[in-house]
Amino acid sequence: MRVCVVGSGGREHALAHVLSRSCYVVVTPGNPGIAGSVGAPATEIEADLYVIGPEAPLVDGLADELRAAGRLVFGPGADGALLEGSKAWMKELLLAAGVPTADHGSFTEPEAAIRFLDGMGDLFVIKTDGLAAGKGVLVTEDRAEACDAVRAYLSGEAFGDAGRRVVIEEGLSGPELSVLAVCDGHRAAPLAPAQDFKRIGEGDAGPNTGGMGAYSPVPVAGADAVDEVMDKAVLPTLGELQRRGIDYRGVLYAGLMLTPQGLRVLEYNVRFGDPEAQVVLPRLRSDLADLLAGAAAGSLKDDPVYGDDAAVTVVCASEGYPTSPRTGDLIAGIEAANTEVGVTVFCAGVASAFEGSNGAELPVQSGQSLVTAGGRVLNITGQGPDLATARDRAYAGVTHIDWPGRYVRFDIAAEAAASVSKG
């Protein structure tokens, strides 16, 4: 089978890596660190299956365009992609489906939004309605900061048109959980749960990012927890989509919080999570291509099969991320990291040294010729028989990676690994 993966980040590298176990894979546009990257747009590539990675082309209707040309596509159409394209629409659908979620309101005028904040307790959650590359969320106990964010979002100053409507939610407490389900329009099958780390700083301090690391499995989310997520969240959502005439074929990614009052859906994404894909997909024992092709054809058959191993991914980011990442620095150590037992390096924000180095010609070091070209640059994924081993391997890989200003969180999966070791 020939598979075309659409996208250019670490998620797409992970997809290509796992799909290549059984298929010939091309990636568009890809990046210089991903084998099989091509320059042609997806509509000009011949393939048996198209897997669309990022949310933006889904919201823009790429899956619809490919399906109209008779192609087999894993990824929802623009109608289903509104689950991520508009948080206000997503919240309305959750209420209609009876899915538990945080109390909330949506606003286009700052005065009304600020009045709503006054009744929300001591923790404020401010979100852009539209796409903001995982960064349009503020969680704060500072009312003044929340008010400033509302004004900056709604004015367009912070996130342009994506923020001209905001969703304000009550603050919730409890462990977070990501459950990704593969959907064929009427049936859904869960992948292994994962947990990611959104804040830039250790101890979950600082602003939200696209994700600084992740791990799978999640000790607090056994089979019963996954079943509850499917029964209370994913399947009712899929049913409501069907009632609205939306044939949803792709990933339905539920971002949840396990509160003292029960699970609450924080958000839905309409694609594989990043960096969750980097820990969930490598653990898969069944054939990923067969799974995605069956969903794309509307005929999911077997549920995905996982082993008892664990995976941890650590994001290596550029100095200044997430607000103003520095780029153009030569990356050293990728080959050495890949030689560590159980370690795979997935490339995200990279470019060729001779194309992305601000015009300066850089020497090739250790066979590598990549420079930083974004905020989240590399994902170092370790696999092992348990979380502690997987974590040790991921950080062993990190020790080889170097460039000026490289930033890493050193607490990814620490608490989970320790809890399993004690248990």
Side-chain angles (χ1 to χ4, degrees), residues 9-11 13-14 17 31 33-34 133-135 176 178 194-216 218 273-280 282 310-351 356 365-366 368 370-384 387-418:
R11 165 185 48 225
H13 196 172
H17 176 76
N31 69 54
I34 304 176
K135 302 181 190 72
E176 292 192 33
S178 300
Q195 189 171 87
D196 74 336
F197 295 76
K198 288 295 187 190
R199 300 294 188 97
I200 187 68
E202 294 186 14
D204 291 328
N208 267 30
T209 72
M212 293 302 298
Y215 66 90
S216 177
V218 181
D274 186 348
E276 292 93 339
Q278 290 87 308
V279 293
V280 170
V312 174
T313 196
V314 177
V315 171
C316 295
S318 292
E319 181 180 357
Y321 179 72
T323 54
S324 54
R326 167 177 163 165
T327 60
D329 291 309
L330 188 68
I331 303 167
I334 293 177
E335 287 185 345
N338 273 321
T339 64
E340 289 281 351
V341 174
V343 172
T344 305
V345 178
F346 296 119
C347 293
V350 303
Q365 294 185 2
S366 303
Q368 293 292 335
L370 299 178
V371 296
T372 61
R376 295 186 297 165
V377 179
L378 300 175
N379 313 138
I380 316 301
T381 299
Q383 289 181 260
L387 280 172
T389 304
R391 183 174 186 274
D392 288 345
R393 289 175 175 177
Y395 280 108
V398 167
T399 62
H400 296 284
I401 304 298
D402 186 48
W403 69 80
R406 184 217 68 178
Y407 176 76
V408 173
R409 273 186 65 166
F410 285 98
D411 61 345
I412 303 300
E415 185 176 337

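Nothing here was measured: the structure is a model prediction, and the numbers come from that model.
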What residues form a salt bridge (charged side-chain N to carboxylate O under 4.0 Å, His left out) with Glu415, not counting sequence neighbours? none
Closest approach of Gln383 and Ala311, non-hydrogen atoms and distance? CG-CB, 3.9 Å
Across all chains, not counting sequence neighbours, the salt bridge (charged side-chain N to carboxylate O under 4.0 Å, His left out) partners of Arg409 are Asp204, Asp411
Minimum heavy-atom distance Ser178-Asp196, with the two atoms named: OG-OD1, 4.3 Å
Provide the closest heavy-atom pair for Ala277 versus Pro282 in the form atom of the first, atom of the second, distance. O-CD, 3.4 Å
Contacts of Asp402 meeting salt bridge (charged side-chain N to carboxylate O under 4.0 Å, His left out) (sequence neighbours excluded), chain-then-number -> none
Check whether any side-chain heavy atom of Tyr321 lies under 4.5 Å from a side-chain heavy atom of Met212, and answer yes or no. yes
Locate the shortest heavy-atom distance separating Gly210 from Arg376; write the atom from each residue and the value. O-NH1, 3.0 Å
Rounding to 0.5 Å, atoms NE2 (His13) and CG (Asn379) come to a distance of 9.5 Å
Pairwise distance SG(Cys347) to CG(Leu370) - rounded to 0.5 angstrom: 5.5 Å
Mind running side-chain contact (heavy atoms from CB on, under 4.5 Å) on Val371 and Asp329 for me, showing each step along the way? CA-CA 5 Å; Val371 296; Asp329 291 309; 5.9 Å; no
When Leu378 is tested against each of Val408, Val345, Val398 for side chain to side chain contact (heavy atoms under 4.5 Å, CB included), which residue passes? Val345
List the residues meeting ring pair (Phe, Tyr, Trp, His ring centres under 6.0 Å) with Tyr395, not counting sequence neighbours, and say none if there are none. Phe410
Pairwise side-chain contact, Thr209 with Arg199, heavy-atom cut-off 4.5 Å (strictly under): no
Can you name the ring pair (Phe, Tyr, Trp, His ring centres under 6.0 Å) partners of His17, sequence neighbours left out? Phe346
Under the side chain to side chain donor-acceptor pair (under 3.5 Å) test, residues paired with Gln195 that sit two or more places apart: Tyr215
Val314 and Ala394 have their tightest heavy-atom pair at CG2-CB, 4.1 Å
So, do Ile380 and Val343 sit near enough that their side-chain heavy atoms are less than 4.5 Å apart? yes
